[in-house]
Number of protein chains: 2
Amino acid sequence: MKAEPMAAAGAGLPATTGRGRPRSAAADSSIVETVLRLLEEGTTLGELSMERIARSAGVGKATVYRRWANKDALLIDVMRAIDEPLPPLAGTSVREDLVVLLEVIRHRGLAKRSSAVMRNVIGVIQSSPQLWRQYHDTVIRTRREAMYAVLRRGMRTGEIRDDIDVRLLVDLFAGPMLSRALLYERAPLEDGLSEQIVDAVLEGVRPSGHPASRRP
Amino acid sequence: MKAEPMAAAGAGLPATTGRGRPRSAAADSSIVETVLRLLEEGTTLGELSMERIARSAGVGKATVYRRWANKDALLIDVMRAIDEPLPPLAGTSVREDLVVLLEVIRHRGLAKRSSAVMRNVIGVIQSSPQLWRQYHDTVIRTRREAMYAVLRRGMRTGEIRDDIDVRLLVDLFAGPMLSRALLYERAPLEDGLSEQIVDAVLEGVRPSGHPASRRP
DNA sequence: ACGATACGAGACGGGCCCGTATCGTAAGTA
DNA sequence: TACTTACGATACGGGCCCGTCTCGTATCGT
């Protein structure tokens, strides 16, 4: 994977006027890419220092501080960099759309860099709530709302029970995939897992003929 | 909550012979309790330093190093300290037992100190795999195996489908609760959530009469 | 009483980090 | 060309931390 262009990273300090030597776009992406690489290699957010980032990126400290005022500001842009748009949903069946959305989580869990970011950000919910909020708003919320929409549509079309809280439904589908992605370094996210989860949650895990089943 | 006695903490260095002044049990528990309090207050594992721990516990650094060789050794004992035995399972119905096991997760998620530990340890899977393994083996594995047992029993008694991988079943039940406990500081772990999850996963979220349902 | 060990406190040398400033140089605009 | 800004490198004072060691004191076995 090569360094994506990722637009102008430094949201903190604007590049003022157009005079003088322009900011190096290569430095931008080198810094962001280096942070992702370090996290991917197992570095903890706490072990990440501006000094180490600059050193690893082959860049002067001033070049980093010229773009970001502190580590949190840099990390926020790093999180923006790994945000990828959701694939389009076919919209034909709820099952298919749910599988697509779970596949997104599965692939992000398999990608070391995104799973490392997610695990690290979770550990920082209390200590850097602003960083967490940024991650939640850019990465989590979008996917969650997409699943809301699919499930609500399913309630209208009769594909999904309408007597269960939509937020609980989201967790029933996403939770199993998320916990597998989070709790293991080499996550057991095998092919076909999305379909297995979706089908099992849709159908239920009680045998058809069991007396306690709500189906006659 | 007061400092529990928690047995002899220092697994690292044995107290050699019985001569001389004995180790202070109060220091033992004060140190462990202080670590838990700091984590509970939002301190990151990376921000925890032996120096800060000693200072916060009102203890000399030597007193800490006399018991634990380094931070990881201390943290391993801290994790042992929050390990609580599972409640007995009634064994009458699979549903009841699953609810009990999910209630354990729910209460641990609501308790700030255990959820803080869990979130922090997750962030350290790659950087301190030995610490993670300790947490996994003492805290996670036990509960997971208890759920295995319940589900396998359910397969024998006909309360649970036997055509789904038991490991997947565990994640279907535990995943929703875990992801809620991990992804939010004030986790939405309301009363009755365990029952809702268990029942929804057992029954399925497809309406009874839906054409795609596997029930005729 | 006496020797042994633990205690809290803190000094110690060495290390990494913070955020800023200053080099000489490079790459743009006017 | 003159001016302006960015570049990598590195020095700076200040801070926290590591793990060890040394105080003077406390609390045990013998």
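Keep in mind the model is a prediction, meaning the values are calculated, not measured. Chain A is the first sequence line, chain B the second, and so forth, proteins listed ahead of strands; every chain is numbered from 1.
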### Summary
DNA chain D nearest-nucleotide lookup for S24(A) and G20(A): closer to the 5′ end is G20(A)

Are any of [X]'s side-chain N or O atoms less than 4.0 Å away from OP1 or OP2 of [N]?
X      : N       : value
S49(A) : dC16(C) : no
R67(B) : dC7(C)  : yes
R66(B) : dC7(C)  : yes

In whole angstroms, how far is the [atom2] atom of [N] from the [atom1] atom of [X]?
X      : N       : atom1 : atom2 : answer
M50(B) : dC21(D) : CE    : P     : 16 Å
D72(A) : dC18(C) : CG    : P     : 12 Å
R19(B) : dG29(D) : CZ    : C1'   : 7 Å
Y65(A) : dA9(D)  : OH    : C1'   : 16 Å
I31(B) : dC7(C)  : CD1   : C1'   : 11 Å
N70(B) : dT20(D) : CG    : P     : 10 Å
E51(B) : dA9(C)  : CD    : C1'   : 12 Å
D28(B) : dG8(C)  : CG    : P     : 11 Å

### Message
Taking atom types as they are modelled, would you say the side chain of R21(B) forms a donor-acceptor pair with the base of dA26(D) within the 3.5 Å cutoff?
### Response
yes

### Task
Would you kindly check whether a donor in the side chain of K61(B) faces an acceptor in the base of dG8(C), or vice versa, at under 3.5 angstrom?
no

#### Entry: Residue closer to the 5' end of DNA chain C, R55(A) versus A62(A) (nearest nucleotide)
R55(A)

Note: [X]-[Y] ion pair, threshold 4.0 Å (strictly below):
X       : Y       : value
R152(A) : D162(A) : no
D97(A)  : R153(A) : yes
D28(B)  : R67(B)  : yes
R80(B)  : D83(B)  : no

#### Entry: Stems formed with participation of DNA chain D [Watson-Crick or G-U wobble, under 3.5 Å, three or more pairs]
C:1-30 with D:1-30

### Query
Do you know which of M155(B), R161(B), M147(B) makes side chain to side chain contact (heavy atoms under 4.5 Å, CB included) with L169(B)?
M155(B)

### Task
Assign A54(B) to base, sugar-phosphate, or nothing according to its heavy-atom contacts below 4.0 angstrom with the strands shown.
nothing

### Task
Find the distance between OG1 (T43(A)) and CG (L48(A)) and round it off to the nearest 0.5 Å.
6.0 Å

### Query
Do D191(A) and R106(A) have side-chain heavy atoms sitting under 4.5 Å apart?
yes

